[in-house]
Amino acid sequence: MRPLFITFEGLDGSGKSTHLRAVAAHFDAADVPHIVTKEPGGAPLSDAIRSVFLDPRWGDMDGIVELLMVFASRRQHLLEVIEPALASGHHVLCDRFTDSTIAYQGFGSGVALDVIDAVDELATSRRRPDITVLFDLLPEEARSRGQSAKRRAADPAAGGADRLDLQSLEFYDRVRRGFLQLADDEPGRIRTVYSGGPRERTTRELERALADILPAR
Ligand code: TMP
């Protein structure tokens, strides 16, 4: 199989990062070369942008400022990590990519989609993953999972809820609708898995969704 660029998308608290690690464990067990990475971040400069992007001390950030930050992070990540990994025969498992920008900055914050498209063209030549798994659930369920608390525990220096955690449920509802719209528009790339129920059920759905690429156990 040629190296694949595979992304995991969904609301904060959708469980995507946990399921990404499970897919990586499948690859590890079968000695399939791969890397695990995330956005915003994934390269030293991109990680620095991430910490500014998420820091609530900067207060309200205009959607365009957010857009330019995530694409600056993304271009560096693509050039320094993602494309070299693919070129050297590794699958890339990436937590979030441009679909998140369309959903969060576009549908969530109201940045015009053609503006996002223009910056995407400049920064990545509209690079898209080969496969995207979208973990879908209601914003209420996502929030009740306390994802941000987990992130705070992992990084106490971050000090409190991050900037995006402070958004309203209406914002997350718009973001969710954005993801679902993208999945409708690109059914060949985006595979949607329901992640609102028990984790085992989502795991089974995910294994079915990725049956063509997961190594046999
Ligand atoms: P994470 O918690 O999944 O690492 O994501 C960090 C936050 O950044 C999350 O709330 C989604 C947000 N985000 C955007 O708003 N736009 C983007 O392009 C990306 C990649 C993430």
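Just follow the structure's listing: the first ligand is 1, and inside any ligand the first atom is 1. Every value quoted in this text rests on a predicted model; they were computed, and no experiment measured them.
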With Arg126, the side chain to side chain donor-acceptor pair (under 3.5 Å) member among Asp120, Thr98, Asp117 | Asp117

Pick, from Arg50, Met61, Glu66, the option with the minimum heavy-atom distance to atom 4 (O) of ligand 1.
-> Arg50

For ligand 1, find out whether one of its N or O atoms is nearer than 3.5 Å to an N or O atom of Thr101.
-> yes

Do Arg74 and ligand 1 have an N or O pair less than 3.5 Å apart?
-> yes

At the 4.0 Å heavy-atom cut-off, does Phe71 count as touching ligand 1?
-> no

May I ask you to list the atoms of ligand 1 that are less than 4.0 angstrom from any heavy atom of Lys16?
-> 3 (O)

Is the shortest side-chain N to carboxylate O distance from Arg127 to Glu83 below 4.0 Å?
-> yes

Nearest non-hydrogen atom to atom 17 (C) of ligand 1 belongs to which of Val175, Val70, Thr98?
-> Val70

Could I get the full list of side-chain contact (heavy atoms from CB on, under 4.5 Å) partners for Val23, not counting sequence neighbours?
-> Phe8, Phe27, Leu93, Leu206, Leu210, Leu214

Is there a side-chain contact between Asp130 and Arg189 (heavy atoms, below 4.5 Å)?
-> no

State the atoms of ligand 1, each with its element, that fall below the 4.0 Å cut-off from a heavy-atom position in Gln105.
-> 14 (C), 15 (O), 16 (N), 17 (C), 18 (O)

Tell me, please: is Leu54 in heavy-atom contact with ligand 1, that is, under 4.0 Å?
-> yes

One finds that the ligand 1 atoms under 4.0 Å from a non-hydrogen atom of Lys38 are 4 (O)

Could you walk me through whether Glu9 and Lys16 pass the salt bridge (charged side-chain N to carboxylate O under 4.0 Å, His left out) test, one step at a time?
-> CA-CA 7 Å; Glu9 294 281 5; Lys16 64 183 168 44; over 6 Å; no

So is Glu39 polar-close to ligand 1, meaning N/O to N/O under 3.5 Å?
-> no

In sequence, state the C-alpha distance, the side-chain angles, and the governing distance for Phe5 and Phe97, and then conclude on ring-ring contact (aromatic ring centres under 6.0 Å, His included).
-> CA-CA 11 Å; Phe5 178 23; Phe97 198 66; 4.9 Å; yes

Side chains of Tyr172 and Arg177: is there a donor and an acceptor less than 3.5 Å apart?
-> no

